[in-house]
Number of protein chains: 2
Amino acid sequence: MQQSFAEIIVFHRKRSGLSQQALAELAGVGKNLVYELEGGKQTVRLENLLKVLRVLNIELDFKSPLREAYMRERADAQG
Amino acid sequence: MQQSFAEIIVFHRKRSGLSQQALAELAGVGKNLVYELEGGKQTVRLENLLKVLRVLNIELDFKSPLREAYMRERADAQG
DNA sequence: CAACTTTCCCCGGCATACAGGGAAAAGCGC
DNA sequence: GCGCTTTTCCCTGTATGCCGGGGAAAGTTG
């Protein structure tokens, strides 16, 4: 894929002029979690990653070869 | 924007002809985790979500308004 | 250099995600 | 109806993610 979420988080945080502590508070997580997230730790809870991404206005997207077929089926089912 | 990872996982798993148990084994996680993942549980470890997505050939992508600026900066720094 | 902010990295303790077993219910073909 | 497979949902022990505090190191500003 692209860069790790770690890099992206650091970049967005700094662009927002936030310290790790400030980001943590806005996201409602502990300061250590932000630190670990930025270190690329993968054993974090999805919930907490999402909280941080939300504050930084970053969205998560899924990609797969079957994705288009999925969209077609849904559109089909719903009209 | 898109569907939850839960829906996507179910869809891809069924398309692969796998049972929850089989997917769990391929991903190296417990069967209950697959069950919870498909139920949309957000308190799972990112690591485990990624393991399952990998088996199903689903990639994660990040999107943000600042993303382009990020890419430019990187390209700039590297070449 | 001094003063201040931020980041790094440790710890102690609590909360909870996880694996795996089991059993009832649901689905599916015959 | 009867089998067989799969899914749903419970339980329990263990592992570990998380928080808050703190202090050293690194960075920033003057």
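Each chain gets a letter, A, B and so on, in the order the sequences are listed, and its residues count up from 1. Quick caveat, the model's predicted, so the values are computed rather than measured. Computed over heavy atoms, backbone and side chain alike; hydrogens, waters and symmetry mates excluded.
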Between [options], spot the one nearest the side chain of [X], thanks.
X       : options                : answer
A:Gln20 : D:dC18, D:dT8, C:dT7   : C:dT7
B:Lys41 : C:dC18, D:dG17, C:dT7  : C:dC18
A:Thr43 : D:dG17, D:dT7, D:dC18  : D:dG17
A:Val29 : C:dG20, D:dC19, C:dC18 : D:dC19
A:Lys31 : C:dG22, C:dT7, D:dG22  : D:dG22

What distance do A:Leu46 atom CG and B:Leu46 atom CG have between them, rounded to the nearest 0.5 Å?
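Here the rounded value is 6.5 Å.
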Length of the line joining [X]:[atom1] and [N]:[atom2], which is rounded to integer Å:
X       : N      : atom1 : atom2 : answer
B:Glu25 : D:dT7  : CD    : P     : 12 Å
A:Glu38 : C:dC9  : CD    : P     : 13 Å
A:Leu33 : D:dT16 : CG    : C1'   : 14 Å
B:Gln21 : D:dC4  : CD    : P     : 18 Å
A:Tyr35 : D:dA25 : OH    : C1'   : 12 Å
A:Glu36 : D:dT16 : CD    : C1'   : 11 Å
A:Leu18 : C:dT6  : CG    : P     : 10 Å
A:Leu46 : D:dC18 : CG    : P     : 11 Å

Quiz question: going by heavy-atom distance under 3.5 Å, is there a donor-acceptor pair between the base of D:dG21 and the side chain of A:Asn32?
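Result: at least one qualifying N/O pair found.
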I'd like to know if B:Lys41 and B:Glu36 make a salt bridge, using a cut-off of under 4.0 Å between side-chain N and carboxylate O.
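A salt bridge links B:Lys41 with B:Glu36.
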Is A:Glu38 salt-bridged to A:Arg13, going by a charged N under 4.0 Å from an acidic O?
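Looking at A:Glu38 and A:Arg13, the cut-off is met.
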Would a 4.5 Å heavy-atom cut-off, applied to side chains only, mark A:Glu59 and B:Ser64 as touching?
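No; the side chains remain at least 4.5 Å from each other.
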Short side-chain N/O contact from A:Asn48 to OP1 or OP2 of D:dC18, under 4.0 Å:
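Yes, A:Asn48 has a side-chain N/O under 4.0 Å of OP1/OP2 on D:dC18.
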Of B:Lys14 and A:Arg45, whose closest DNA chain D nucleotide lies nearer the 5' terminus?
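First, find each residue's nearest nucleotide; the 5'-ward one identifies B:Lys14.
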Kindly work out whether a path of hydrophobic side-chain contacts (I/L/V/M/F/W/Y, heavy atoms less than 4.5 Å apart) joins A:Leu50 to B:Ile8.
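Looking at the clustering, B:Ile8 is in the same group as A:Leu50.
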